[in-house]
Amino acid sequence: MMNLDSTVTVAVKKFGAEREQLLPVLQYVVSKEKWLSEDTLAEVARVFDMSAAEVYGVASFYSFLDTEARGEYVIRVCRTISCDMSGKEAIMEALQKTLRISVGETSSDRKFTLLETNCIGWCAEGPAMLVNDEAYTNLTPEKVVEVLQGYMNRT
Amino acid sequence: METVKLTINDIKVEVNEGATILDAAKKIGIRIPTLCHHDDLCVAGRCRVCVVEQKGARLLQASCAVPAAEGMQIYTNTQKVREARRTILELLLSEHSGECTSCYRSNNCELQALAQEYLVIGGAFIDVSDKSPIDVSSPSLVKDNGKCIKCLRCVRTCAELQGVSALWNTHKGNKTRIETFLNKPMHYVVCTNCGQCVNRCPTGALTEKAYIQSVWRAIDDPEKHVVVQTAPAVRVGLGEALGMEPGGVVTGKMVTALKMLGFDSVLDTDFTADLTIMEEGTELLTRLKTALQDGKPTPLPMMTSCSPGWIKFIEHEYPSLLDNLSTCKSPQQMFGALAKTYYAEKIGVDPARMVSVSVMPCTAKKFEANRPEMKSSGFKDVDYVLTTRELAHMIRQAGLSFANLEERKFDSIMGESTGAAVIFGATGGVMEAALRTAYELVTGREVPFRNLNIEPVRGMEGVRAASIKIENVKEEWKFLEGAELKVAVAHGLANARKLMKEAEKGASPYHFIEIMACPGGCIGGGGQPIPTSPEIRLKRAAAIYAADEALPLRKSHDNPEIKMIYREFLGAPLGHKSHELLHTHYARRNRS
């Protein structure tokens, strides 16, 4: 487990602690740790000399700056209309059935978190989903299971 | 300064460049309704209820946010405007738990007043109000998201006036809420309980936690002896909550009302304000002696400790400076500790059956009274703290016609006070009172200011500094000969932070600093009548200084009851008994 303070410190060394660097720093921490813990937010607030509530306010505004614990692989299924019409429900069912979790939950081994997201720009190739930063399109229930299998087998 | 000319409802008006349409309308007496706008705060432009029509513009303009421009033709009362405002109010009401009959702010609610004015009867939209539980974790404040209309007055107050930002807008769109850090209960975050957000909340989303019922129960209990103390600023605010104009001094009527409500002893926090000066003045001189005569390190500048919002602020934000705080309890807590010891003994009442109530212009005092260390008498020193507003509620409930009450005097003992105590209610007042006494103690002469009015520490400037040259001192204060005593005053925690940043670096040039958490000091306290504005606070402050000048005694050390309590009970300032009852310690808290 990586030291939380050190991720913030590394990010601040990279970007600086001026107000306009708040988003880059938060994004950097999320890229390393998948989410922003209470300690991280408090640490960022201290380094930026801002109130913790304000940092939380900024983080909570952005869907991709999670303030709840997330697994190693965060799956975001597009819920917007074109993906929905091209079969998003079946994709979601396959994911829930395979991972044995509902939307918003994280698997007990902390490997997967299942979420919905607004449009991710793959309307022409729906249904689509993201696993961390990787996009998967033209999904079918079978293809989803295959994708999951790939992640499960990663060490 | 450049000016611009425009017309509003075909009436010509000229305003300075930068003034808003709303400012221009005010200038010619045209009222435009507002909700998110507040005279103390920056423009938000969120609620849109102030929309007006501009000739030639396709869209309605938010008059609070749009600057007046040359040649503008504005109309504030067209059908388009009226319908838009009505719809905006309907939308706001759809996210508001409209429980007006059971709401604490009923009849003092800006949303309710506008809904009534525009006759918004029966919601046109579905109820999307927040159903999250009411936050009652704090002994001072209650936060009910269901009544919040997201005007951000609280967020702006906490950021701009207090520099704390305990509240912020979180999430987005229809999930936007006003929350603390990670939506923790208010009691567990950096909130100082100052209540400035309560003063500015247009609805009942943020209110004080009321203890009215507990106080009535104590009064109704024949076994209990209920003692009440009233803070300096209450007497210049209470009238406003009972239909009188700002700026009146209602001390005598307030005393009569308290007696008619059934309090057994009606006493004055001003007595312990005078006592605070004796203790804190001596403490300052002792620290100066340690530093200047003995050459030993001692925490300077010394900082006042009367304002419990300020205390919680420094505990969270500048714990390294806690030793700089005076160890004096606030006048409220000194009073509480003495009520159940000295006073109880004097009047022959068992302190176990005494209930100690205070009326304060403050919500943070409720928190202070609940601090675990505030039990020096062996009991809870102050049982219940009421705000000025709560006292006004009780007076209304009792059916008293406040404006017509006769004027009576506080009971004795612990009812006598001086002008120095009254001015505790305004920013700079504690400093002025302390200087009146300390200077005279050291030199044997009155402070060298006309009529004892130390003007440099008065006023509404956020941070004020002054210095006094100390000359021809008495023999025992020789080390102060020729010294220049440097002092500073700040009000509003955002201003306090400026002085603390300096002090944290060891760069503070001052010996003594007064901080009041609230803008204007206690007269602008979070427990004072709503509304508040710079204008209202100036009137209350003027009333405070008028009350000071009207009193025969204006220096704390001249108070005969103060002399008596040292003679009979306390011994000397900073003596053993004082330490036990009148002084305290502070806690380090974290920043989130």
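Note on naming: letters A, B, ... go to the chains in the order of the sequence lines (proteins, then strands), and numbering restarts at 1 for each one. Keep in mind the model is a prediction, meaning the values are calculated, not measured.
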May I ask you to decide if the ring planes of B:Phe313 and B:Tyr318 are parallel, tilted or perpendicular, using 30° and 60° as cut-offs?
tilted
Any donor-acceptor pair under 3.5 Å linking the side-chain atoms of A:Glu72 with those of A:Tyr151?
no
Are side-chain N/O atoms of B:Gln162 and B:Thr157 paired as donor and acceptor at under 3.5 Å?
no
Residue from A:Ser63, A:Ser60, A:Ser51 scoring the most non-hydrogen pairs under 4.5 Å with chain B is A:Ser60
Residue B:Val155 versus chain A: region with a heavy atom under 4.5 Å
neither
Quick check on B:Lys175 against chain A: is it the side chain, the backbone, both or neither that has a heavy atom closer than 4.5 Å?
neither
Would A:Lys111 and A:Tyr73 count as a cation-pi pair here, with the cationic atom under 6.0 angstrom from the ring centre and within 45° of the axis?
no
